[in-house]
Engineer: 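Here it is, the structure in full.
First the proteins, then the strands, lettered A, B, ... as listed; each starts at 1.
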2 protein chains.
Amino acid sequence: MWFHVDPSDGLPIYMQIINQIKRATANGLLKAGDQLPSVREMAVQLTVNPNTISKAYQELERDGIIKTSRGIGTFVAEKEIKIVYEERTKEMMAAIDRLLVEAHHLGFSRDEVFKLLEDRIKDWKVSDK
Amino acid sequence: MWFHVDPSDGLPIYMQIINQIKRATANGLLKAGDQLPSVREMAVQLTVNPNTISKAYQELERDGIIKTSRGIGTFVAEKEIKIVYEERTKEMMAAIDRLLVEAHHLGFSRDEVFKLLEDRIKDWKVSDK
DNA sequence: AAATGTGTACTACAAGAGTAGTACACTAAT
DNA sequence: ATTAGTGTACTACTCTTGTAGTACACATTT
């Protein structure tokens with residue numbers, strides 16, 4: 001599998017794994033039901049301790065992104081939104097605000113952000129199939 | 001001044017301060033040249049150690065958001081974008097991707113994100129004056 | 001030169017994060 | 001029952017983070 005990790009990235013290993021899996025499920029590379037590599041398999045491949053992988057998997061499970069069963073394996077979960085509407089929206093707006101603040105300090109106007117997002121979404125769509 | 005801090009927030013105190021100042025400069029509450037409270041003043045007001053404030057100010061200065069002079073005080077910096085275009089754009093796209101991944105896991109479609117951002121930008125604009 | 005207001009350096013310490021080693025526990029197949 | 005595959009608990013160690021205490025250094029005003 002296409003996981004890779006850079007120990008000197010600053011970002012902790014288990015975080016890098018989490019990010020990759022989140023992205024993969026977000027863009028369809030990983031679909032509900034897909035089995036992930038076992039903690040040992042992945043640990044060997046990345047030359048990392050099994051617990052590090054386990055930690056990533058545990059956090060992903062807490063977020064409801066994967067489902068893991070002892071002795072069986074770890075799988076991408078069925079998508080089910082559990083949080084209530086207001087909560088979701090609140091979090092989403094907070095995320096958007098963070099983006100806008102960051103954009104401002106990178107020197108982008110809000111309209112530019114809008115445009116960039118528009119383009120990006122189009123890109124995602126075509127690669128969607 | 002309107003700074004406030006919650007020690008039990010999980011987010012470290014100096015980060016909370018950084019965020020508030022970043023936001024304030026991003027939405028115009030703080031403008032270039034405005035003086036910030038001295039480290040001591042703010043430390044007393046928030047019942048926190050001066051070094052904690054200092055750490056926040058240092059990080060903000062590294063980001064070019066404020067300008068500080070020993071014995072004088074700390075001020076909001078003139079906006080000057082130092083990073084080259086490609087770098088800025090790269091970071092911005094990364095931020096947008098992070099937002100889209102987060103949105104997906106919150107159960108928002110990309111079009112919904114688009115719509116929310118559109119609304120949000122409109123809001124910012126009217127409160128712009 | 002003294003006083004007062006500014007930011008800072010140095011030190012220390014408690015708490016937590018990150019990873020690894022090792023041994024255990026569950027499940028399915030043989 | 002055994003085996004081979006899975007995830008996990010426990011422990012320990014290192015390194016970093018976050019904050020505080022204290023003392024210092026610079027700038028301006030008097």
Engineer: Considering heavy-atom distances to DNA chain C, does A:Ile72 or A:Thr47 have its closest nucleotide positioned more toward the 5' end?
Structural biologist: A:Thr47
Engineer: So, B:Glu112 side chain and B:Ser109 main chain: donor-acceptor pair closer than 3.5 Å or not?
Structural biologist: yes
Engineer: In whole angstrom, give the distance that lies between atom CG of B:Leu46 and atom P of D:dA20.
Structural biologist: 11 Å
Engineer: For A:Phe75 and D:dT6, give me the distance from atom CZ to atom P, rounded to whole Å.
Structural biologist: 10 Å
Engineer: Can you tell me the distance, in whole Å, between the NZ atom of B:Lys67 and the P atom of C:dG7?
Structural biologist: 14 Å
Engineer: Between protein and nucleotides 8-11 of chain C, what N or O pairs are separated by less than 3.5 Å?
Structural biologist:
| from | atom 1 | to | atom 2 | distance (Å) |
| --- | --- | --- | --- | --- |
| C:dT8 | OP2 | B:Ser54 | OG | 3.4 |
| C:dT8 | O4' | B:Arg70 | NH2 | 3.2 |
| C:dA9 | N6 | B:Asn51 | OD1 | 3.3 |
| C:dA9 | N6 | B:Asn51 | ND2 | 3.0 |
| C:dC10 | N4 | B:Asn51 | ND2 | 3.3 |

Engineer: Has the side chain of B:Gln16 got a donor or acceptor atom that lies under 3.5 Å from a matching backbone atom of B:Leu11?
Structural biologist: yes
Engineer: Within the 3.5 Å criterion, strictly below it, is a donor on A:Thr25 or B:His105 matched to an acceptor on the partner's side chain?
Structural biologist: yes
Engineer: Tell me: CG of B:Leu36 to C1' of C:dG5, nearest whole Å?
Structural biologist: 16 Å
Engineer: If two hydrophobic side chains count as joined below 4.5 Å and joins carry through other members, does B:Leu30 share a cluster with B:Ile72?
Structural biologist: no
Engineer: So, the side chain of A:Asp63 versus the backbone of A:Ile65: is there a donor-acceptor pair under 3.5 Å, distance only?
Structural biologist: no
Engineer: Is any side-chain N of the basic residue among A:Lys115 and A:Asp111 closer than 4.0 Å to the acidic one's carboxylate O?
Structural biologist: no
Engineer: I want to check one thing: is the phosphate of D:dA20, taken as OP1 and OP2, less than 4.0 Å away from some side-chain N or O of B:Thr52?
Structural biologist: yes
Engineer: Any side-chain N or O of A:Lys55 below 4.0 angstrom from OP1/OP2 of C:dT19?
Structural biologist: no
Engineer: With ring pair (Phe, Tyr, Trp, His ring centres under 6.0 Å) as the rule and sequence neighbours excluded, what pairs involving residues 52-91 of chain A come up?
Structural biologist: none
Engineer: Are any of B:Thr74's side-chain N or O atoms less than 4.0 Å away from OP1 or OP2 of C:dT6?
Structural biologist: no
Engineer: Between B:Gln20 (side chain only) and B:His4 (backbone N and O only), is there a donor and an acceptor less than 3.5 Å apart?
Structural biologist: yes
Engineer: Nearest whole angstrom, please: distance from the C1' of C:dG7 to the CG of B:Leu60.
Structural biologist: 15 Å
Engineer: Run the side-chain contact (heavy atoms from CB on, under 4.5 Å) test on A:Arg23 and A:Leu29 for me, step by step, so that the C-alpha distance in whole Å, both residues' side-chain angles and the decisive distance to 0.1 Å come before the verdict.
Structural biologist: CA-CA 8 Å; A:Arg23 271 158 210 275; A:Leu29 261 178; over 6 Å; no
Engineer: When you measure from every atom of DNA chain D, which of residues 7-20 of chain A have a heavy atom less than 4.0 Å away?
Structural biologist: none
Engineer: Would you say B:Ser69 reaches C:dT6's phosphate, i.e. side-chain N/O to OP1/OP2 under 4.0 Å?
Structural biologist: no
Engineer: What integer distance in Å separates B:Glu59:CD from D:dT17:P?
Structural biologist: 11 Å
